[in-house]
Enquirer: 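Please find one structure pasted underneath; my questions will follow.
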Amino acid sequence: MDYHFSEIEKKWQQRWREDKTYSASNDSKDPKYYVLDMFPYPSGAGLHVGHPLGYIASDIYARFKRHKGFNVLHPMGYDAFGLPAEQYAIQTGQHPAITTEQNIARYREQLDKIGFSFDWDRQVKTCDPEYYRWTQWIFIQLFDSWYDRSQDQARPIKDLIEYFEKNGSQGIRAACSEVMDFSAEEWNAMDEIRQSEVLLNYRLAYRSESMVNWCPELGTVLANDEVKDGVSERGGYPVVQKKMMQWSLRISAYAQRLLDGLERIDWTESLKESQRNWIGRSEGASIHFAIKDHDDQIEVFSTRPDTIFGATFMVLAPEHELVRAITTPEQRDSVEKYIDQTSRRSERDRMADTKTVTGVFTGAYAKHPFSGKDIPIWIADYVLAGYGTGAVMAVPGHDSRDHAFAQNFGLPIVEVVAGGNVQEEAFEAKEGEMVNSDFLNGMQVKEAIAETIRRMEEMGIGTGRINYRLRDAVFGRQRYWGEPIPIWYDGKGIPHPVKEENLPVILPEVDKYLPTEDGEPPLARAVDWNYNGFERETTTMPGWAGSSWYFLRYMDPHNEKEFVSRKAEEYWKNVDLYIGGSEHATGHLLYARFWQKFFFDRGWVTMDEPFQKLINQGMIQGMSAFAHRKKGSNTFISYHLVGDQETTPIHVDVSMVHNDQLDLEAFKAWREEFGKAEFITDNGVVHVSREVEKMSKSKFNVVTPDAVIEEHGADALRMYEMFLGPIEQSKPWNTQGLSGVTGFLRKFWRLSHREGDFIVSDEVPNEKELKALHTCIKKVNEDMKNFSFNTSVSAFMICTNELTDLKCNKRSIIEPLVILLSPFAPHMAEELWEKLGHLDSVTRQPYPTHEEKHLVESTKNYPVSFNGKVRFQIALPADMGKEDVEASVMADERTAKYLDGKQIRKVIVVPGRIVNIVIG
RNA sequence: GCGGAUGUGGUGAAAUUGGUAGACACGCCAGACUUAGGAUCUGGUGCCGAAAGGUGUGUGGGUUCGAGUCCCUCCAUCCGCACCA
């Protein structure tokens, strides 16, 4: 009986489904282990071989953990809200729910063929009302919470209201959009509208007029992480800055905790660094500058308060709120012109052009807090409204941007830290001696920073301050296909959350998936869609809303009372191993951590970090193939014969290429224009050239898992994807290498088969066989710790080759190997396990562990290297020559026995310590 | 510019705490078998050399009896952030 993978795989996939082999119990006495994949967005293109890479790795690990006696949670679901389905809906009129369901069905079909051990009873879909009712519920909780900095946690908004009623804003330390100052009397005297406005300043989900990234093409706003290089991440459309009334989440309140939490989790350094970068903590001081002949002050943030005596001018962002107030009548025209100019520039233009120095003098002067000198105030677009206070004290001597600006406009440059030539170039080093700085003179930079802050605090004009780059996350989207934000507005325009018993707020039907004629979001088209007659919020949540908490829902997916029960959460806690792409570094992975911390603060979960260990799987790239067509003809030249001739490379479908040779018949049939193509062949074949590119339909280099499974089986696909290299690495898909693992699987199968029949012997294994087995067991167990699945596959191959040479079909060798192999090739393992006479699934068998005695029995103290060659390390006198060493080794009884007639290949004598003897 | 990561055969890659560099696999070469196949099996395969031998982990240096591994310098590639004050 040969190895017929298709029958075997079908049989076991069906058996697993019927027996619910992989369902995880919430009432288990076993220790838990939670293995999670980043759930996919079900796109219309289906899966290619790159997508399952991470799923296969996590599946192997989940299966391994089950063998180890853990109760494993290994779920899968769909991140189903998103732009592509909606764009498709706009074009075709097809409801996105329908397209999404079709795509999910296709994904499921593809996933099922690979033999994953997912617990499908726990599947979640973010677009399912039973799921998004809880996404909406979470939004309401955020709306009903504020962040108390003195306790460093989120608290219910009613606590804050009580506080205001008794004390006003006195002594409150809360995360807010702007610092407010009012007494209890003032609070109590405020009308409902005003109180609502004040509270929005503190809520974790709030509505405010703010600068947003507006994408006209998509007709919606985008969060900072959804904008890459000034264009939208999805679609690549231009993005401009615009002031809009917008729902946002106060993630900035959690900046420090998001930073601190990174220390306690096991993620790659580069990913943590991305998040640190994104959060962008910087230490410095906030300084207030008085304005000449004006009541307002300008607050700036500086990381170099020590250089304050070098501040020779100030710069405000063109959008700064004080600009118009301080501009003198003489300067009004040029300032207005400049503001108008910069507001027209798109984000992209502004980023592309960082060399040109532009700016305008406002005519106003600030007063230097120490020297009392007048400092001119300018506006320039190199100062960003969104960072710090939108204003800087310019120190041209020690900041290169200020330097360029000063040079361009002929402003004075003063040296305050010795060590450079500041007239030539800004001296930016954060060390050196202070000069020209009054009371700071002679100090080192570090001391000077501390002293400046001390003096400023004393004088009440400034204070030490930590600033973060992290901005609040814009949460509303002017789109259809997302969770409706569960808010309604009363007659006064005050926002209220929808009552819990009225959730979910179901996404209404609309006639078109486009904004209304007067620019309202698509939901405004819905007829009779109101809340007890009141107006509803018509924006929807962004794509990342549903994915920020889905890992919790898997713990308790059918709970109708809570988003996750206390009991389920206390058992599963958080994700032990999370596998997914690094492209979510500053999006999903940051938002999910934020929400988890919020849940933790409110006491709904017990862990404040959601993902303990995270592995980023690499991308699998496509291996595009090109046929070379001679310029201006329909003649294709075999790649090796092209030489100097001018040819156009044309993408050809990789399925028509084998061993770099083009299947000419298939090629002619591919497209009409090639039907009459002529070929210049190389002994009858036409070679193609190859190039590594992103796997995509338009490059005709997509390989689907279905095609590979059809031809070689799911176990071969699983093993090959692992064998391709370390999971973290990106690598091109190369179909040729598949023959290596298919050959291995057949060989492994044949170990227990003689002339087609299943035959295993009950003989006692000999030392060589035991050693082959245990070397493999040892290697695979070690690799599991490091997630080096690629070398595990090698270990299986080596072991199988050795046992084939030894003609070993002994039960006591094969049985543990089948268990050892089962996470990798589960279908074959189950089949062999059944043939070995076992009635239960191989899944829960104890995983074989390495027994030292089998490995070293014959060599006692001699370490054995992995690749089967042996190295001895024996203490010997230092002055012994090579011949004497050999003689001594041969004289040793154990060594002689082990050598067993083999030749000593090399002797390395290390004076005074050890000797390495290599035999081979 | 700042930060992170990675550099090993024709290719994907191995190499426990520093101890035979290139395991395993692809590809290639030679051979066997055969109903001529994208099948199977055997042997070979870092580079130079007929061989002996030499040489070799991006570059240059250092530590060490011994370095792919540790330290320093430079170079290249990839990723993240970026007028962030």
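Chain A is the first sequence line, chain B the second, and so forth, proteins listed ahead of strands; every chain is numbered from 1.
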Enquirer: Could you list the residues that satisfy salt bridge (Lys or Arg N to Asp or Glu O under 4.0 Å) with A:D225, not counting sequence neighbours?
Expert: none
Enquirer: Which letter, B, S or -, goes with each nucleotide of nucleotides 25-40 of chain B from 5' to 3', with contact meaning a protein heavy atom under 4.0 Å?
Expert: SSS----------B-S
Enquirer: Who are the salt bridge (Lys or Arg N to Asp or Glu O under 4.0 Å) partners of A:E299, not counting sequence neighbours?
Expert: A:R465
Enquirer: Assign A:V383 to base, sugar-phosphate, or nothing according to its heavy-atom contacts below 4.0 angstrom with the strands shown.
Expert: base
Enquirer: Could you tell me which residues satisfy side-chain contact (heavy atoms from CB on, under 4.5 Å) with A:E583, sequence neighbours excluded, listed by chain and number?
Expert: none
Enquirer: Taking only residues two or more places apart in sequence or in another chain, which ones pass salt bridge (Lys or Arg N to Asp or Glu O under 4.0 Å) with A:E319?
Expert: A:R350
Enquirer: A:F824: which residues meet the ring-ring contact (aromatic ring centres under 6.0 Å, His included) condition with it, sequence neighbours left out?
Expert: A:F796
Enquirer: Just the atom pairs and distances: protein N or O near nucleotides 78-80 of chain B's N or O, under 3.5 Å.
Expert:
from  : atom 1 : to     : atom 2 : distance (Å)
B:G80 : O2'    : A:S274 : OG     : 3.2
B:G80 : N2     : A:N277 : ND2    : 3.3

Enquirer: Need one value for A:E782: base, sugar-phosphate or nothing, where a base atom within 4.0 Å counts as base even if backbone is also close, heavy atoms only.
Expert: base
Enquirer: Among residues at least two apart in sequence or on other chains, which ones pass ring-ring contact (aromatic ring centres under 6.0 Å, His included) with A:F626?
Expert: A:H651
Enquirer: With the 90 degree cut-off around zero defining syn, does B:G9 come out syn or anti?
Expert: syn
Enquirer: Just jot down the side-chain contact (heavy atoms from CB on, under 4.5 Å) partners of A:K613, sequence neighbours excluded, or say none.
Expert: A:D266, A:L577, A:I615, A:F787
Enquirer: Under the side-chain contact (heavy atoms from CB on, under 4.5 Å) test, which residues partner A:N734, sequence neighbours left out?
Expert: A:Y720, A:Q736
Enquirer: What residues, two or more places apart in sequence or in another chain, satisfy side-chain contact (heavy atoms from CB on, under 4.5 Å) together with A:H584?
Expert: A:M38, A:H588, A:L589
Enquirer: Counting Watson-Crick and G-U wobble pairs whose two distances are both under 3.5 Å, find the runs of 3 or more in a row that involve RNA chain B.
Expert: B:1-7 with B:75-81, B:10-12 with B:24-26, B:27-32 with B:40-45, B:46-48 with B:53-55, B:60-62 with B:70-72
